Chemist: 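I am attaching a structure below and will ask some questions about it afterwards.
Because the structure is predicted, anything quoted here is derived from the model rather than measured.
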Amino acid sequence: MLKDTACRIFSVLFNQYIREDTNLNFLEFDNPFQILIMTILSAQTTDRTVNSVKGRLFEAYPDPSSMADADISKIEEIIRPTGFYRAKSKNIRGASEMLVREYEGIVPDSMEELVKLPGVGRKTANIVLNHAYGIDAGIAVDTHVKRVSFRLGMTDNTSPDKIERDLTSLFPKEAWGKINFLLISHGRSVCDAKKPACDKCCIKELCRYYRENNSPDKE
DNA sequence: CTCCCGATAT
DNA sequence: ATATCAGGAG
């Protein structure tokens, strides 16, 4: 895809969705530790589900040291609705232990250090860096970013690492955090996985998927 | 590649 | 019943 096309898509999506971050369907957090834990919990689960366990979880374990001393089974009970609760419990306690032992209880602000934490990959690290510290180290490629960017034709790859490379070279660094938010917003509201609502799409004229599936000579 | 694992929409 | 949801580890 041409950078000019990418820029136009960004512009249209920005005007469409920029007001929507007052909308409730995103992770809630009050500090770097919370966004780290909430993002680990968000794997394969909706943000709403993760938000629903936030109160109990941080009331019981408000900081890395209390979480590091937590009883695994108690964490499991609290976060069960988010799915993968055994692995996630182990990960968030393990990450908390590492924060206490190696980072003085402070969530690190570099990709290199963040991905050393159990349960933290590039996607989660990118979210933490951007949300907690305002750092654009890369672009978080989740299931929405993956699907929407592929359909639009911003990438021909399917692996998150390659998609991130394609997207970061397509957009200026200042836009990285925004394009993540915009692709997710669009993926949720219009370009959903099962049946994308191309008729309601504000960027269909710029979309590869639309061209290939709604072209005049289809069928 | 498989496994982890519950909630929700269709 | 099945697919999918702000993935990561083995």
Chemist: For A:Lys194 and A:Thr49, take the nucleotide of DNA chain B holding the closest heavy atom to each; which residue's nucleotide lies nearer the 5' end?
Modeler: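 Of the two residues, A:Thr49 wins.
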Chemist: Measure from CG on A:Leu41 to C1' on C:dG8 and round the result to the nearest Å.
Modeler: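 Rounding to the nearest Å, CG of A:Leu41 and C1' of C:dG8 are 13 Å apart.
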Chemist: Would you indicate which nucleotide in B:dA7, C:dC5, C:dG8 comes nearest to any side-chain atom of A:Thr46?
Modeler: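 Looking only at heavy atoms from C-beta outward on A:Thr46, the closest nucleotide is C:dC5.
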Chemist: Expressed in angstrom and rounded to an integer, what is the separation of A:Ile92 atom CD1 from C:dG7 atom C1'?
Modeler: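 Taking CD1 of A:Ile92 and C1' of C:dG7, I get 15 Å after rounding.
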Chemist: When the P atoms of B:dC4 and C:dA1 are considered, how many whole Å apart are they?
Modeler: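 Each nucleotide's P atom is 23 Å from the other's.
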Chemist: Let me know the distance between CG of A:Asp47 and C1' of C:dT4, rounded to the nearest Å.
Modeler: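 Roughly 14 Å, once rounded to whole Å.
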Chemist: Tell me what A:Thr39 touches on the nucleic acid: a base, only sugar-phosphate, or nothing, going by heavy atoms under 4.0 Å.
Modeler: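 Nothing, no nucleic acid heavy atom in range.
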Chemist: With distance as the sole criterion, is a donor-acceptor pair present between the side chains of A:Ser189 and A:Tyr17 under 3.5 Å?
Modeler: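 There is such a pair (donor and acceptor under 3.5 Å, judged by atom type) between the side chains of A:Ser189 and A:Tyr17.
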Chemist: Which value, in whole Å, describes the distance between the P atoms of nucleotides C:dG8 and B:dA7?
Modeler: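 Straight-line distance between the two P atoms is 22 Å.
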Chemist: Just how far, in rounded Å, is C1' of C:dG8 from CG of A:Leu36?
Modeler: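 So the CG-C1' distance, A:Leu36 to C:dG8, works out to 13 Å.
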Chemist: Which nucleotide in the list C:dT4, B:dA7, C:dG7 gets nearest to the side chain of A:Ala193?
Modeler: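 Nearest to the side chain of A:Ala193 among the choices is C:dT4.
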Chemist: For the pair made of CG in A:Asn126 and P in C:dG7, what is the distance, rounded to whole Å?
Modeler: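 Taking CG of A:Asn126 and P of C:dG7, I get 13 Å after rounding.
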Chemist: Specify the separation, in whole Å, of atom NZ of A:Lys116 and atom C1' of C:dG8.
Modeler: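 Going from NZ in A:Lys116 over to C1' in C:dG8 covers 18 Å.
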Chemist: Could you name each residue pair satisfying side-chain hydrogen bond (donor to acceptor under 3.5 Å, both in side chains) that touches residues 64-73 of chain A, not counting sequence neighbours?
Modeler: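 Passing the test, one end in residues 64-73 of chain A: A:Asp63-A:Ser65, A:Asp63-A:Ser66, A:Asp71-A:Ser73.
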Chemist: With sugar-phosphate meaning primed atoms plus P, OP1 and OP2, does A:Ile127 contact a base, only sugar-phosphate, or nothing at under 4.0 Å between heavy atoms?
Modeler: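 Counting heavy atoms under 4.0 Å across all strands, the contact made by A:Ile127 includes a base.
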Chemist: For the side chain of A:Thr45, counting heavy atoms from C-beta on, which of C:dA3, B:dT8, B:dG6 is nearest?
Modeler: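 Within the option list, the nearest is B:dG6.
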Chemist: Rounding to an integer number of Å, can you tell me how far A:Asp161 CG sits from C:dA9 P?
Modeler: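 The answer, rounded to whole Å, is 12 Å.
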Chemist: Mapping A:Arg188 and A:Asn91 to their closest nucleotides on DNA chain C, which lands nearer the 5' end?
Modeler: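 Whichever sits nearer the 5' end wins; that is A:Arg188.
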Chemist: Determine the Euclidean distance between corresponding P atoms of C:dT2 and B:dC5; express it in Å to zero decimal places.
Modeler: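 These two P atoms come out 22 Å apart once rounded.
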Chemist: Got a sec? Which of residues 130-142 of chain A come in under 4.0 Å of DNA chain C, heavy atoms?
Modeler: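 A:His131, A:Asp142 - these, ordered by number, are the residues of the stretch whose heavy atoms sit under 4.0 Å from the strand.
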Chemist: One thing to verify: whether A:Glu77 and A:Arg56 come together as a salt bridge, which I'm taking to mean a side-chain N less than 4.0 angstrom from a carboxylate O.
Modeler: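 Looking at A:Glu77 together with A:Arg56, the answer is yes, because their closest N to O distance falls below 4.0 Å.
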Chemist: Is A:Asp192 touching bases, backbone alone, or none of the nucleic acid, heavy atoms closer than 4.0 Å?
Modeler: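 The residue A:Asp192 makes no contact with any strand.
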Chemist: Which atom pairs, one a donor and one an acceptor, fall under 3.5 Å between side chains of residues 128-136 of chain A and the rest of the protein, sequence neighbours left out?
Modeler:
{"from": "A:His131", "atom 1": "ND1", "to": "A:Ile127", "atom 2": "O", "distance (Å)": "3.0"}
{"from": "A:Tyr133", "atom 1": "OH", "to": "A:Val107", "atom 2": "O", "distance (Å)": "2.5"}
{"from": "A:Asp136", "atom 1": "OD1", "to": "A:Gly177", "atom 2": "N", "distance (Å)": "3.3"}

Chemist: Is there a donor-acceptor pair under 3.5 Å between the side chain of A:Asn15 and the backbone N or O of A:Ser11?
Modeler: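 Yes, because the side chain of A:Asn15 sits within donor-acceptor range (under 3.5 Å) of the backbone of A:Ser11.
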Chemist: Separation of A:Arg147 atom CZ from C:dA3 atom P, in whole Å?
Modeler: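 Spelled out: CZ on A:Arg147 to P on C:dA3 is 16 Å.
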Chemist: Can you tabulate the close N/O pairs, meaning under 3.5 Å, that link protein atoms to atoms of nucleotides 1-5 of chain B?
Modeler:
{"from": "B:dC5", "atom 1": "OP1", "to": "A:Arg86", "atom 2": "N", "distance (Å)": "2.6"}
{"from": "B:dC5", "atom 1": "OP1", "to": "A:Ala87", "atom 2": "N", "distance (Å)": "2.6"}
{"from": "B:dC5", "atom 1": "OP2", "to": "A:Arg86", "atom 2": "NE", "distance (Å)": "2.5"}
{"from": "B:dC5", "atom 1": "OP2", "to": "A:Arg86", "atom 2": "NH2", "distance (Å)": "2.6"}
{"from": "B:dC5", "atom 1": "O4'", "to": "A:Phe84", "atom 2": "N", "distance (Å)": "3.1"}

Chemist: A:Ala197: which residues meet the side-chain contact (heavy atoms from CB on, under 4.5 Å) condition with it, sequence neighbours left out?
Modeler: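 Listed in chain order: A:Val190, A:Asp199, A:Lys200.
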Chemist: For residues 83-92 of chain A, pull every pair meeting side-chain hydrogen bond (donor to acceptor under 3.5 Å, both in side chains), keeping only residues two or more places apart or in separate chains.
Modeler: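 Output for this query lists A:Thr45-A:Lys88.
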Chemist: Output a table of donor-acceptor pairs, distance under 3.5 Å, between side-chain atoms of residues 163-174 of chain A and any protein atom two or more places apart or on a different chain; print 'none' if there are none.
Modeler:
{"from": "A:Glu164", "atom 1": "OE1", "to": "A:Arg122", "atom 2": "NE", "distance (Å)": "2.8"}
{"from": "A:Glu164", "atom 1": "OE1", "to": "A:Arg122", "atom 2": "NH2", "distance (Å)": "3.4"}
{"from": "A:Glu164", "atom 1": "OE2", "to": "A:Arg122", "atom 2": "NH2", "distance (Å)": "2.8"}
{"from": "A:Glu164", "atom 1": "OE2", "to": "A:Asn126", "atom 2": "ND2", "distance (Å)": "3.1"}
{"from": "A:Glu164", "atom 1": "OE2", "to": "A:Ile139", "atom 2": "N", "distance (Å)": "3.2"}
{"from": "A:Asp166", "atom 1": "OD2", "to": "A:Thr155", "atom 2": "OG1", "distance (Å)": "2.6"}
{"from": "A:Asp166", "atom 1": "OD2", "to": "A:Asn157", "atom 2": "ND2", "distance (Å)": "2.8"}
{"from": "A:Thr168", "atom 1": "OG1", "to": "A:Glu164", "atom 2": "O", "distance (Å)": "2.8"}
{"from": "A:Thr168", "atom 1": "OG1", "to": "A:Arg165", "atom 2": "O", "distance (Å)": "3.0"}
{"from": "A:Ser169", "atom 1": "OG", "to": "A:Arg165", "atom 2": "O", "distance (Å)": "3.1"}
{"from": "A:Ser169", "atom 1": "OG", "to": "A:Asp166", "atom 2": "O", "distance (Å)": "3.0"}

Chemist: I'd like to check the salt bridge (charged side-chain N to carboxylate O under 4.0 Å, His left out) partners of A:Asp161; sequence neighbours left out, ordered by chain and number.
Modeler: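 None.
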Chemist: Which residues pass the side-chain contact (heavy atoms from CB on, under 4.5 Å) test with A:Glu113, sequence neighbours left out?
Modeler: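 Here the qualifying residues are A:Tyr103, A:Pro108, A:Ser110, A:Lys116.
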Chemist: Which is true for A:Val120 with a 4.0 Å heavy-atom rule: it touches a base, it touches only sugar-phosphate, or it touches nothing?
Modeler: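 If one applies the 4.0 Å heavy-atom cut-off, A:Val120 turns out to touch the sugar-phosphate alone, with no base involved.
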